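Only one structure is covered here, and it is reproduced in the block below.
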Amino acid sequence: MKMEILSKGNKGQTIIILTGMGCSFDEWYNITKVLSQTNRVVMFHRPGLGESEIRNGNETRNTQAVVNELLELLTVLEITEPIILVGHSYGGLCAQHFVKTHPQKVAGIVLVDSTSVDLQELDQLHLPVLDEDETDEDWLEKCNSYSSMEEEQLKRILNPTIPEELKSIPEEIQQRLLDFQIKPSLYKAMHSEISNWKQDAKIIKSLETTINVPLIVLGRDKEFNIKLGKQDGLPEGELIIFEEKWQELINRQVNLSNDSKIVFVRDASHSIHINRPGIIIQIISEIVNKHT
């Protein structure tokens, strides 16, 4: 099976970054450009994302599959030293699974507004308006529908755009980001990831590994996200309930390691790497320096 890999830089510490669900590694262009000047930065698209192939049958996409792919990647690229592992959102859930099962392969971790092992607690909140079309079931239905469409059809329906913060990156990278969002295989992969992530979270939570490597947990700005939601016409009361629970779940992630700290990033949405790339570079560099 073909896997699309991004590898930048050839010296220093190896940093592997795991992207969020439905997210391209090209979103990290500004970050990898800087980090690769003094480190080796590796990213990959999970099967179904970008140019990475997904099997036609029912390929199970879960966090264990990502752990296996990461192990294979380390072997193929002949990376034997412990890595700095960075995970955003769903990629953070995968990172937690990897470090709990292979702690000796990790020298430091950065979780970027990561999905929680307790994510099912979000389903228990009473959020009638927010839940109107944002439940797992709604997303599964959308992904199922999108995965059977042609690219042109998806382009018309989704009308993909580039975030303002990424409009200064090279035009060919911007085009790749637009093309990434209209591939039917992306939604096939997402359907499987969403189908499995609650079970994945339970499995990861049940792994009783104590990690002793440096961990920095990054969380989004609660007030900033409430403001964004209000601008979209969503009820403030529900936004407050959701963001307070999200922050509580992020706070718990420091317990993954005996050597951890937490930073909530001002003026950042869930996509901290897009809103505040400078902070991400600073935090990853801090972990690298701790190791070296």
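All values reported here derive from a predicted model rather than from experimental measurement. Only this structure's heavy atoms are used, side chains among them; waters, hydrogens and symmetry mates stay out. Count residues from 1 along the sequence.
- For the atom pair CZ of Phe242 and NE2 of His126, the computed distance is 15.5 Å after rounding to the nearest 0.5 Å.
- Ile109 and Val265 fall into different hydrophobic clusters, where Ile, Leu, Val, Met, Phe, Trp and Tyr side chains are chained together by heavy-atom contacts under 4.5 Å.
- At a threshold of 4.0 Å, the pair Asp267-Arg276 does not count as salt-bridged, since none of the basic side-chain nitrogens sits closer than that to a carboxylate oxygen.
- The minimum heavy-atom distance linking Ile274 with Pro163 is given by the pair CG2-CB, 4.0 Å.
- Between Arg176 and Glu171 there is no salt bridge, since none of the side-chain N atoms of the basic residue sits less than 4.0 Å from a carboxylate O of the acidic one.
- For Phe25, the ring-ring contact (aromatic ring centres under 6.0 Å, His included) partners two or more places apart in sequence, or in a different chain, are His45.
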Please table the atom pairs, donor to acceptor, closer than 3.5 Å between any side-chain atom in residues 143-158 and protein atoms at least two apart or in another chain.
residue : atom : partner : partner atom : Å
Ser147  : OG   : Cys143  : O            : 3.3
Ser147  : OG   : Asn144  : O            : 2.9
Ser148  : OG   : Ser145  : O            : 2.9

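- Taking the six-membered ring where the residue is Trp, His88 and Trp28 present perpendicular rings, their angle passing 60° and hence far from 30°.
- The minimum heavy-atom distance linking Ile272 with Arg220 is given by the pair CD1-N, 3.8 Å.
- A donor-acceptor pair under 3.5 Å is formed between the side chain of Glu238 and the backbone N or O of Leu130.
- Glu121 and Lys245 are joined by a salt bridge, as a carboxylate oxygen and a charged side-chain nitrogen come within less than 4.0 angstrom of each other.
- Under a 4.0 Å N-O distance rule, the pair Glu59/Arg61 qualifies as a salt bridge.
- The residue from Ile284, Ile280, Ile279 that alone fulfils the side-chain contact (heavy atoms from CB on, under 4.5 Å) condition with Val112 is Ile280.
- Salt bridge Asp221/Lys227: absent, no basic N to carboxylate O contact under 4.0 Å.
- A salt bridge links Arg46 with Glu193: the distance from a Lys NZ or Arg NE/NH1/NH2 to an Asp or Glu carboxylate oxygen falls below 4.0 Å.
- Under the 4.0 Å criterion applied to side-chain N and carboxylate O atoms, Glu51 and Lys183 are assigned as salt-bridge partners.
- Donor-acceptor pairing under 3.5 Å is lacking for the side chains of Asn251 and Gln247.
- For the residue pair Glu165 / Asn275, a side-chain donor-acceptor distance below 3.5 Å is found, with atom types taken as modelled.
- Residues Trp246 and His270 place their aromatic rings such that the two centres sit under 6.0 Å apart.
- When atom types are taken as modelled, the side chain of Ser52 and the backbone of Gly48 share no donor-acceptor pair closer than 3.5 angstrom.
- In this structure, Lys290 does not pair ionically with Glu286, as no charged nitrogen and carboxylate oxygen lie closer than 4.0 Å.
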Sequence neighbours excluded and cut-off under 3.5 Å, please list the side-chain donor-acceptor pairs for residues 71-87, or say none.
residue : atom : partner : partner atom : Å
Thr75   : OG1  : Leu71   : O            : 3.1
Glu81   : OE2  : Thr14   : OG1          : 2.7

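- Screening Ile250, Leu215, Leu93 against Leu111 for a side-chain contact (heavy atoms from CB on, under 4.5 Å) leaves a single residue, Leu215.
- Between Cys94 and Leu18, the shortest heavy-atom contact is CB-CD1, 3.9 Å.
- When the side chains of ILVMFWY residues are joined at heavy-atom separations under 4.5 Å, either directly or via intervening members, Leu239 and Ile241 end up in a single hydrophobic cluster.
- Here the OG atom belonging to Ser116 is positioned 7.5 Å from the CG atom belonging to Leu122, to the nearest 0.5 angstrom.
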